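It should be emphasised that the depicted structure is a prediction, and the values quoted were computed from it without experimental measurement. No hydrogens, no waters, no symmetry mates; every other heavy atom, side chains included, goes into these values.
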Amino acid sequence: MENLEDKKIAVLLSGGVDSSVVVYELYRLGLHPDCFYIKIGQEEKEEWDCTSEEDMEMATSVAKRYGCKLQVVDCHKEYWEQVTKYTMDKVKAGFTPNPDVMCNRLIKFGAFHEKAGYAYDLIATGHYACTEIDEEGRKWLTTSPDPVKDQTDFLAQIYDWQLRKALFPIGHYMKDEVREIALCEHLVNAKRKDSQGICFLGKINYNDYIRRYLGENPGDVLELETGMKIGTHKGLWFHTIGQRHGLGFGGGPWYAVKKDVERNILYVSKGYEPLTAYKKDFPIRDFHFLTCNPWGNADVVDVTFKIRHTPEYHRAKLENNGNGTYTVHSDSLIQGVAPGQFCVVYDENHHRCFGSGEIAVL
C-alpha cells in the first residue's frame, strides 16, 4: 500500500464485510479515516427487496468500533438520473450495458467526490484490485491475486484523476483471508453473504428494472440460418447476445446470436454450441485509458482481455484502427460477444489493466 502518512482518507463503507475490513486495515496502521455511507434508495421500496436499513446498521457499528466518523451521502438523484439513464439508453439501442462499471465512474468516484470526496486526498473502497506506481510516478491499476474476486474490470472506466485518488486496502488479499480477518476481529458482518445484483440495488430483477422504464415491445424471433419464425419476444432489451437460458422456445436449445433493432427482430441459432454464438474478431470503440496509452502508435500489440466478469483472461492481438477504435483478434473463440459490453484490456500477463472499450456493432 502507498505511503498514507499525513493523508486525509475517506472510506466508502457499505455495510458489507469487504469495506468493513478496509476500515480495520487502516485502523491497524494507526489511521482514523472518515467513513461515508452512500445512500441510494429504490424508487418504490414496496416492490423491490431493500437491505439498506441493515447496511446502515452494520456500517454504523463498524465505524463506531474503530472510532471513525460516519456520514451519509445521498446520491439517490444522481444514481437514477445518470446510471439508470446510461443503462436504459444502451438497452433501448440494442446494446448490453454494464451498470456496475458506470456506477464506479459516476457515483462512487463521481457524485460522491462532488459532494464530499473532494476534501480528501484518497478515497478507499473494498474493491479487489491493486495499484502500483511506476518509475515516472504514474499510478496503474493492477489485478488482485484472487482471480475470482478481482474487480479491475468494474474499475476500467474510471478517470485517471479518480484512479490517482483511489485506495484499495484489501486488494492484495484473497476473499477467504478477508473473511478470516473479519472473524478474528468479531465484526458484526463477518459471515454476511456478498451482495448480489446491480450495484446499490440489491436483489432487484434486471428484467423488472428494464420493464419499469421501457415496458414491453413484442417482435419476431427468427432462426438466423433459415429465416424461419421460432416465436416472439417481449422486447429486445430482455435478451443479450449469447443468451441460452430463459428463451422459452421449443425444439431447441436456442442461442440468441443477433439483434435487428430497426425491425425489432431477435435472431437465434440452434444447438448446444452453435458456431454463430462465438467470435474471434470484433471491434471496440471509445477506448478509455486508465493511466495513459502504453502502446503509443503501434499498429498491433499483444494483450489479454475479458468481456465479462469471469476469472479467465483471453490472449489476443489488438489492432489499432485510429480514432480510439481497435479490433480484437482473439487467439480463441469467445462466446457471447455482445455490442455494448466492455472489453477490458490488460498486459500480456494480465497484471496491469490498461482500460476498456465498448464492443461496437458486429
Side-chain angles (χ1 to χ4, degrees), residues 86-99 101 153 197-198 204-286 305-310 312 314-316 319 321 325-344 356-362:
Y86 153 79
T87 304
M88 298 309 151
D89 285 351
K90 288 294 182 184
V91 296
K92 198 172 181 180
F95 296 122
T96 301
N98 191 321
V101 170
D153 51 327
I198 306 168
I204 165 181
N205 179 282
Y206 187 61
N207 282 349
D208 290 343
Y209 176 52
I210 294 172
R211 187 178 284 107
R212 160 186 293 274
Y213 291 93
L214 302 182
E216 296 184 352
N217 184 28
D220 290 340
V221 178
L222 306 183
E223 184 174 21
L224 180 69
E225 292 78 4
T226 64
M228 184 175 70
K229 183 174 176 179
I230 303 301
T232 58
H233 63 78
K234 293 182 179 180
L236 288 179
W237 39 72
F238 298 124
H239 302 285
T240 186
I241 304 302
Q243 178 184 347
R244 179 158 59 94
H245 300 290
L247 289 176
F249 307 123
W254 298 99
Y255 266 94
V257 293
K258 184 181 176 183
K259 296 179 183 180
D260 184 331
V261 178
E262 286 186 14
R263 297 166 63 205
N264 196 27
I265 294 172
L266 177 67
Y267 288 98
V268 296
S269 284
K270 189 175 183 177
Y272 283 96
E273 297 288 334
L275 202 56
T276 46
Y278 289 81
K279 291 272 186 294
K280 281 189 83 171
D281 307 289
F282 54 90
I284 55 176
R285 65 182 183 189
D286 302 325
F305 74 95
K306 59 171 69 175
I307 63 167
R308 56 177 66 87
H309 187 60
T310 61
E312 295 81 31
H314 305 283
R315 294 196 171 279
E319 181 184 358
N321 305 320
T325 68
Y326 294 86
T327 300
V328 176
H329 301 289
S330 175
D331 286 6
S332 56
L333 285 165
I334 307 298
Q335 193 265 337
V337 178
Q341 288 174 318
F342 288 110
C343 176
V344 186
S356 62
E358 187 181 273
I359 297 174
V361 175
L362 306 169

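Shortest non-hydrogen contact noted between His239 and Lys259 is O-NZ, 2.5 Å. Considering every non-hydrogen atom in both Leu266 and His233, the closest pair reads CB-CD2, 3.9 Å. Scanning all heavy atoms of the two residues, the minimum distance from Ile230 to Leu222 falls at CG1-C, 4.2 Å. The two atoms that bring Phe249 and Thr232 nearest to each other are CE2-O, 3.6 Å, heavy atoms only. Minimum heavy-atom separation, Thr240 to Ala338: OG1-CB, 4.2 Å. Considering every non-hydrogen atom in both Ser332 and His314, the closest pair reads OG-ND1, 4.0 Å.
For the pairing with Asp153, the side-chain contact (heavy atoms from CB on, under 4.5 Å) check across Thr310, Val344, Asn98, Val101 returns one residue only, Val344.
A donor-acceptor pair under 3.5 Å is absent between the side-chain atoms of Asp220 and the main chain of Asn264, judged by distance alone. Of the possible polar contacts, none joining the Trp254 side chain to the Glu223 backbone as a donor-acceptor pair under 3.5 Å is found.
Ring geometry, Tyr213 versus Tyr209: the interplanar angle exceeds 60°, so the pair is classed perpendicular (tilted spans 30 to 60°). Note on ring orientation: taking the six-membered ring where Trp is involved, the planes of Phe282 and Phe305 are perpendicular (angle over 60°, cut-offs 30° and 60°).
A 4.5 Å side-chain heavy-atom check between Thr87 and Tyr206 finds at least one atom pair inside the cut-off. When side chains are defined from C-beta on, Thr96 does not count as touching Lys90, because their heavy atoms never get closer than 4.5 Å.
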- Intermediate values then yes/no, salt bridge (Lys or Arg N to Asp or Glu O under 4.0 Å), Lys92 and Asp89: CA-CA 5 Å; Lys92 198 172 181 180; Asp89 285 351; over 6 Å; no
- Message: For Ile359 and Val328: C-alpha separation, side-chain torsions, deciding distance, then whether side-chain contact (heavy atoms from CB on, under 4.5 Å) applies.
- Response: CA-CA 10 Å; Ile359 297 174; Val328 176; over 6 Å; no
- Message: Show, in sequence, the C-alpha distance, side-chain angles and deciding distance for Phe238 and Arg211, and conclude whether the side-chain contact (heavy atoms from CB on, under 4.5 Å) test is met.
- Response: CA-CA 8 Å; Phe238 298 124; Arg211 187 178 284 107; 3.9 Å; yes
